[in-house]
Amino acid sequence: MRGGSERILLVEDDDLVRAHVAGQLGDLGYQVVAVRSGTEALATLQSGAAIDLLFTDIVMPGGMDGQQLAAQVSERWPSLPILFTSGYSEQAVLHQERLAQGSYFLAKPFRHQELAAKLRSILDPSS
């Protein structure tokens with residue numbers, strides 16, 4: 001498995017899932033900024049933090065879901081890649097038109113190898 005050293009902004013409302021995924025990302029060598037909401041993610045980006053990829057759950061309670069977050073991020077930081085994750089299948093998500101244009105998807109639960117491969121395919125698209 002190939003990881004990297006890029007900085008990933010992880011947005012996940014479930015504390016246990018967020019801690020688990022942050023651990024997986026850290027094990028792969030990534031720097032992780034983990035937050036629980038879209039509002040916190042926007043505040044992190046607005047602070048000027050250097051982020052290489054946004055990794056967000058699609059379904060999040062509390063006023064801003066992953067799709068709404070992605071819309072704002074795409075408008076303000078159009079070159080920032082967005083990787084969505086969800087317990088729903090990709091087909092169900094696409095059927096509901098919940099993926100932002102130009103974004104990527106990884107279904108939960110995912111294996112460590114799947115996460116590593118998906119991240120590298122996004123961060124190194126020419127490889």
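Heads up: numbering here begins at 1 and tracks the sequence. Since we're looking at a predicted model, the values are computed, not measured.
- Across all non-hydrogen atoms, the minimal contact from Pro81 to Ser79 is CD-O, 3.2 Å.
- Annotation for Ser74 and Ile82: closest pair OG-CD1, 3.5 Å, computed over non-hydrogen atoms.
- Under the 3.5 Å distance criterion, the side-chain polar atoms of Ser47 are matched with a main-chain donor or acceptor of Thr44.
- Rounding to the nearest 0.5 Å gives a distance of 11.0 Å between CG of Leu28 and CD of Glu6.
- For the atom pair NE2 of His20 and CG of Asp14, the computed distance is 11.5 Å after rounding to the nearest 0.5 Å.
- Of all non-hydrogen atoms in Ala70 and Phe84, the two that sit nearest each other are CB-CZ, 3.4 Å.
- Here the side chain of Gln72 pairs no donor or acceptor atom with the backbone of Leu69 at under 3.5 angstrom.
- Put simply, CG on Leu45 and CG on Leu54 are 7.0 Å apart, with the number rounded to the nearest 0.5 Å.
- Under the rule for a side-chain contact (heavy atoms from CB on, under 4.5 Å), the partners of Ser37 that lie at least two apart in sequence or sit in another chain are Thr39, Glu40.
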Query raised in the report: Does the side-chain contact (heavy atoms from CB on, under 4.5 Å) test come out yes or no for Thr56 and Thr85, once each step is laid out?
Result: CA-CA 6 Å; Thr56 184; Thr85 188; over 6 Å; no

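- Contact annotation: the side chain of Val73 approaches that of Leu42 to within less than 4.5 Å [non-hydrogen atoms, C-beta and beyond].
- Gln113 contributes atom CD, which lies 16.0 Å from atom CZ of Arg2 (distance to the nearest 0.5 angstrom).
- Under the 4.5 Å side-chain criterion, counting only non-hydrogen atoms from C-beta, Leu106 is not in contact with Leu119.
- Looking only at side-chain heavy atoms (C-beta outward), Ile8 and Gln31 stay at 4.5 Å or farther from each other.
- Listed by chain and number, the residues in a side-chain contact (heavy atoms from CB on, under 4.5 Å) with Arg18 are Leu10, Glu12, Asp15, Ala34, Arg36 (sequence neighbours excluded).
- Under the 4.5 Å side-chain criterion, counting only non-hydrogen atoms from C-beta, Val33 is in contact with Ile51.
- The side-chain contact (heavy atoms from CB on, under 4.5 Å) test with Phe55 is passed by exactly one of Val32, Leu115, Val11: Leu115.
- At a threshold of 4.5 Å between non-hydrogen side-chain atoms, the residues Tyr30 and Asp52 do not count as touching.
- Atom CG in Leu9 sits 9.0 Å away from atom CG in Leu53 (nearest 0.5 Å).
- Between Asp13 atom CG and Met64 atom CE the span is 13.5 Å, to the nearest 0.5 Å.
- Applying the salt bridge (charged side-chain N to carboxylate O under 4.0 Å, His left out) test to every pair with at least one member in residues 71-84, sequence neighbours left out, gives no pairs at all.
- Under the 4.5 Å side-chain criterion, counting only non-hydrogen atoms from C-beta, Ser86 is in contact with Phe105.
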